[in-house]
Novice: 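Mind looking over this structure? Questions follow.
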Amino acid sequence: MNAKISQLVEAAPAVLPSLLLCDFGNLATEVERLEDAGVAALHLDVMDGVFVPNFTYGMTIVSALRKLTDITLDVHLMMVNPEKYVDAFVDAGSDIVTIHAEAVDDAVPVLNQIREKGAAAGIAVNPDTPVSKISNAIAHADLALVMSVNAGFGGQSFIEPVLSKLGEIRELKGGENVILEMDGGINKSTIAKCTAVGCQLCVAGSAVFKTPFGNDYSAAIEDLMGEVASEDL
Ligand code: DX5
Ligand code: ZN
């Protein structure tokens with residue numbers, strides 16, 4: 001297992017802040033605040049405006065973040081033709097590169113490409129995509145990302161039925177060891193439902209960056225983790 005992934009397994013369950021709603025005008029300060037909060041990884045939401053009806057950023061922001069921090073960069077590619085860009089995202093400093101099962105005909109060669117470049121490979125499924133879609137690919141992945149909102153925007157509501165997917169992934173041949181990540185609508189009222197079904201990495205955007213704690217991200221993350229049942233810690 002990739003060393004960065006092993007560190008995340010050690011840290012689990014963990015909140016990964018999603019860099020979509022942060023203050024990009026003060027990225028260095030934001031990263032310092034997140035380092036002070038002791039986050040295990042940063043979740044970078046890359047959107048191409050085609051796979052999802054939203055557009056964010058690309059390799060330049062990954063490179064900028066790589067210069068700012070040693071924290072694991074967990075890069076979520078919401079894009080068509082990811083095979084064209086995974087090398088560049090790894091070269092830019094990504095530690096984990098996750099592609100969407102819906103964006104490729106066959107995820108296996110792209111997952112292998114990510115691993116051959118030296119990063120950990122993740123496979124993501126949107127809420128409407130059945131786990132069966134990744135039954136072949138999962139054995140070639142280090143991480144499975146179960147979307148609990150439709151990819152594209154922060155601030156959406158948690159789609160509860162996806163919770164059953166984590167157990168289904170664990171049942172897949174090759175699914176027993178992947179790290180399980182959920183993404184979207186994770187907040188104080190939903191995080192415990194995620195960890196209760198085995199979620200190891202809980203991605204949070206609004207619940208970290210849009211809270212009464214302002215930019216005290218330690219307090220926001222502590223408040224979130226305070227909802228996680230002791231037996232899941
Ligand atoms: C949505 C992104 C998520 C989202 C999380 O496409 O993948 O990471 O930004 O934001 P919240 O936590 O606000 O749903
Ligand atoms: Zn994401």
Novice: Would K4 and D142 pass as an ion pair if we require N to O under 4.0 Å?
Specialist: no
Novice: Is there a continuous path of hydrophobic side-chain contacts, each under 4.5 Å between heavy atoms, that joins L111 to V80?
Specialist: yes
Novice: Got a sec, which pairs hit side chain to side chain donor-acceptor pair (under 3.5 Å) with one end in residues 7-20, sequence neighbours left out?
Specialist: S18-D45
Novice: Got F51 and P82 here, is their nearest side-chain heavy-atom distance under 4.5 Å?
Specialist: no
Novice: Would you say M79 ends up clustered with V108 if hydrophobic residues are merged whenever their side chains have heavy atoms under 4.5 Å apart, either directly or through other cluster members?
Specialist: no
Novice: Output a table of donor-acceptor pairs, distance under 3.5 Å, between side-chain atoms of residues 203-212 and any protein atom two or more places apart or on a different chain; print 'none' if there are none.
Specialist:
| unit_1 | atom_1 | unit_2 | atom_2 | d |
| --- | --- | --- | --- | --- |
| S206 | OG | G155 | N | 3.3 |
| T211 | OG1 | F213 | N | 3.0 |

Novice: Quick check: is F55 connected to F89 through a chain of hydrophobic side chains (ILVMFWY, heavy atoms under 4.5 Å apart)?
Specialist: no
Novice: Are V50 and V52 connected, step by step, through hydrophobic side chains (Ile, Leu, Val, Met, Phe, Trp, Tyr) whose heavy atoms are closer than 4.5 Å?
Specialist: yes
Novice: How long is the gap from NE2 on H140 to CD1 on I134, to the nearest 0.5 Å?
Specialist: 12.0 Å
Novice: Any side-chain heavy atom of Y57 sitting closer than 4.5 Å to one from V46?
Specialist: yes
Novice: Do side-chain atoms of S148 reach the backbone of I159 as a donor and acceptor pair under 3.5 angstrom?
Specialist: no
Novice: Are any non-hydrogen side-chain atoms of V15 and I191 less than 4.5 angstrom apart?
Specialist: yes
Novice: Would you say that D74 contacts E181 through its side chain, given a criterion of any heavy-atom pair below 4.5 Å between the two side chains?
Specialist: yes
Novice: Could you grab the distance from atom CG of L201 to atom CG of L143, nearest 0.5 Å is fine?
Specialist: 6.5 Å
Novice: Tell me the closest heavy-atom pair linking H76 and A124, and the distance in Å.
Specialist: NE2-CB, 4.4 Å
Novice: Shortest non-hydrogen contact from I71 to A41?
Specialist: CG2-CA, 3.5 Å
Novice: If hydrophobic clusters are built by linking Ile, Leu, Val, Met, Phe, Trp and Tyr wherever their side-chain heavy atoms come under 4.5 Å apart, do F153 and M147 end up in the same one?
Specialist: no
Novice: Going by side chain to side chain donor-acceptor pair (under 3.5 Å), name the pairs with one or both residues in residues 189-198, residues two or more places apart or in two chains.
Specialist: E160-K193, N187-S189, N187-T190
Novice: Less than 4.0 Å between a side-chain N and a carboxylate O, is that true for K165 and E168?
Specialist: no
